[in-house]
Amino acid sequence: MLDRQLFRTDPDLIRRGCARKGIEAPVDDVIRLDGERRELLATLERQQAEMNRISKTIGQLMAQGKREEAEAAKAHTKDLKEAIAAGEQKLREIDAALRDAELLIPNLPHDSVPDGLDETCNVVLREWGEKPAFAFEPKAHWDLGAALGLLDLPRGAKVAGSGFPCYVGLGARLQRALFQSMIEFQTRERGYTEVYPPYLVNRASMVGTGNFPKFEEDVYRADEDLWLIPTAEVPVTNLYRDEILTAEDLTLNLAAFSGCFRREAGAAGKDTRGLLRVHQFDKVELVKFCKPEDSYDELEKLTADAEAVLKALGLHYRVVAVCAGDMGFKGAKQYDLEVWAPGVGRYLEVSSCSNFEAFQARRANIRFRREQGAKPEFVHILNGSGLACPRLFAAVLETYQREDGSVDVPDFLRPWMGVERIGPGE
RNA sequence: GGAGGGAUGGCAGAGCGGUCGAAUGCGGCGGUCUUGAAAACCGCAGACCCGCAAGGGUCCAGGGGUUCGAAUCCCCUUCCCUCCUCCA
């Protein structure tokens, strides 16, 4: 959500932001409804003040035993009471409509975000490492995984459906080694506090992070008001919904491992081979709550924390500044980390690091006080994957494969794997 | 799933249909005193909305209702606690 004040003072700024993102949003509806609301509110409050005065008078007359005068005063309240009831009804309607419209307004892209409407306009900021050279034709992870008995996609599809991968043997251990090592790294080396959140959340939480109402189709529904999380971002961010933090709490750095569930509605057939796009996956998510003036520095730190894992794994990757139109609904600025997967011959997105500024904080009503007695202000919220496991799993297999079909285990994972190499039949 | 009991300011905890935005205690902040601190004493402090302001309005889990008037009465929902049931 944006500051309502901004719709009054600089609506063109909002229109420009929507245009840069290529999103049609009901900006004019918000402006109109906000105006109607304030006008109605002024009238209504005047009537309520009058009513309060009369009621007080009646109370006093009663106390003095002037019953008849009290009754006479009562008679005068009838019209006023009806007017107030009608006004309250109307206000409820306007509030609901205003809220509905507001929730569909995207966050505005920061000035530093590149222009453009799709990924072709994203800007590569930096690269780390190099594409590994092979003396043979590198295989894709689905072939490696099947040959080494690490990945059983057909049986996963049998028990759940396509897009529900099943990891087996050393494959399961590798998957576990990845998230285990990453959560340990972020909490022990990088100062994040570990959180293990619920996997199902209510609608209010989904609205708080900006997943609802616009992207309801993308998540699985488990019950009347219970939804499977598409990312730990949702429960972790909403941990502090409707709370006021103190300045000393900030910056609050949280790291959470969780399963993630996405319907990927409309994405059928697109980049879906192997582990490229799945309905269920594991991920370590990093979330920061900070003071507004710190959020852009924190975005750089967050990105560096996620990058550190790729460096530790020795995987070639690049950092991309996502353009306004490819960034989506919630972000003000976003960096994607893309790891090189030599088998599929492409860079795979394994992390999106975003600064949401106050967009989520306003929706979820998360504030802080600079000092005792100070007026609460909205925090800035950031998050980023650190990292998403399946694509990382794919990149590890493809990067460290050898000509004989075995895969070396990178040093970073050896303490958890207990082996230095994954070979056929192991 | 069944039966009860609860939800009030940072915390604890009063609250009788009007004098309750709410006693009191603790905690917090500012003083007095003190070389400094503690103790004692005095004082100040909730959130939100509209408004340049003056001021006004709303908020006692959330939502409806009764009433001229609701923290107080009625209904619904959510959450917490106790007991039973079930269960990794």
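Numbers restart at 1 for each chain; the letters A, B, ... are given by sequence-line order, proteins then strands.
Residues from residues 96-104 of chain A with heavy atoms under 4.0 angstrom of RNA chain B: there are none.
In this structure, Q48(A) and R92(A) both approach RNA chain B, and ranking their closest nucleotides by distance from the 5' end singles out Q48(A).
The interatomic distance linking I244(A) (CD1) with C11(B) (P) rounds to 11 Å, in whole Å. Spacing between atom CZ of R369(A) and atom C1' of G28(B) amounts to 12 Å, rounded to whole angstrom units. The separation between R241(A) atom CZ and G62(B) atom P is 15 Å, rounded to whole Å. Note: CG (D95(A)) to C1' (U58(B)) measures 12 Å, nearest angstrom. If you take CD1 of I94(A) and P of C49(B), they are 18 Å apart, rounded to a whole angstrom. One interatomic measurement links the two molecules: CG of N365(A) to P of G62(B), which rounds to 13 Å at whole-angstrom precision. Atom-to-atom, CG of D242(A) to C1' of C59(B) comes out at 14 Å; the value is rounded to the nearest Å. The distance between atom CD of E377(A) and atom P of A47(B), rounded to the nearest whole Å, is 13 Å.
Partner assigned to G51(B) is none, using Watson-Crick or G-U wobble distances below 3.5 angstrom. Under the Watson-Crick or G-U wobble criterion, with both distances below 3.5 Å, C20(B) is left unpaired in every strand shown. Nucleotide C87(B) forms no Watson-Crick or G-U wobble pair with any nucleotide shown, as no partner meets the under 3.5 Å limit on both distances. For A40(B), the paired nucleotide is U32(B), the pair qualifying as Watson-Crick or G-U wobble because both relevant distances are below 3.5 Å. With both pairing distances under 3.5 Å, G25(B) is matched to C11(B) as a Watson-Crick or G-U wobble pair. Under the Watson-Crick or G-U wobble criterion, with both distances below 3.5 Å, U82(B) is paired with A3(B).
R8(A) comes within 4.0 angstrom of sugar-phosphate atoms only, judged by non-hydrogen atoms across all strands, and of no base. The residue R367(A) sits close only to the backbone: its heavy atoms come under 4.0 Å of sugar-phosphate atoms, none of a base. Counting non-hydrogen atoms under 4.0 angstrom, A49(A) reaches the backbone sugars and phosphates but no base.
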Name the pairs: protein N/O against N/O of nucleotides 17-19 of chain B, kept only if under 3.5 Å.
from   : atom 1 : to     : atom 2 : distance (Å)
G18(B) : N2     : S55(A) : O      : 3.0

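Neither side chain, Q360(A) nor R363(A), offers a donor N or O lying under 3.5 Å from an acceptor on the other. With hydrogens and angles left out, the side-chain atoms of Q175(A) and D282(A) include a donor and acceptor closer than 3.5 Å. If you check the side chains of D242(A) and N365(A), you find a donor sitting under 3.5 Å from an acceptor. With hydrogens and angles left out, the side-chain atoms of K288(A) and N253(A) include a donor and acceptor closer than 3.5 Å. Residues N52(A) and S55(A) have side chains that never bring a donor and an acceptor to within less than 3.5 angstrom of each other.
C68(B) sits 12 Å from G17(B) when the C1' atoms are compared, rounded to a whole Å. To the nearest whole angstrom, the two P atoms, one in G36(B) and one in A22(B), are 38 Å apart. G64(B) and C16(B) have their P atoms separated by 25 Å, with the value rounded to a whole Å. Spacing between G55(B) and U32(B) at atom C1', rounded to whole Å, works out to 36 Å. Rounded to whole Å, the C1' atom of A71(B) lies 30 Å from the corresponding atom of A54(B). Atom P of C26(B) sits at a distance of 11 Å from the matching atom of A39(B), rounded to the whole Å. Between A45(B) and G51(B), the distance separating the two P atoms is 26 Å to the nearest Å. Between A70(B) and G57(B), the two P atoms lie 14 Å apart (nearest whole Å).
Residue R38(A) places at least one side-chain N or O closer than 4.0 Å to OP1 or OP2 of G51(B). Taking side-chain N and O atoms only, R53(A) has no distance below 4.0 Å to OP1 or OP2 of C68(B). Phosphate proximity of C68(B) to N52(A): absent, as no side-chain N or O sits under 4.0 Å from OP1 or OP2. Residue K81(A) places at least one side-chain N or O closer than 4.0 Å to OP1 or OP2 of G69(B).
In this structure, CG in N355(A) is found 9.5 Å from CG in L302(A), a value given to the nearest 0.5 Å.
Ring geometry for F164(A) against H279(A) counts as tilted: the plane angle lies between 30° and 60°, on a 0 to 90° scale. Taking the six-membered ring where the residue is Trp, F329(A) and F215(A) present perpendicular rings, their angle passing 60° and hence far from 30°.
No option in L91(A), L41(A), I94(A) other than I94(A) meets the side chain to side chain contact (heavy atoms under 4.5 Å, CB included) test with E36(A).
F289(A) has its ring centre no less than 6.0 Å from the ring centre of F368(A).
You'll find a donor-acceptor pair under 3.5 Å spanning the side chain of E45(A) and the base of G56(B), going by distance alone.
A salt bridge does not link D218(A) with R262(A): none of the charged nitrogens is closer than 4.0 Å to a carboxylate oxygen. Between E50(A) and R53(A) there is a salt bridge, since a side-chain N of the basic residue sits under 4.0 Å from a carboxylate O of the acidic one.
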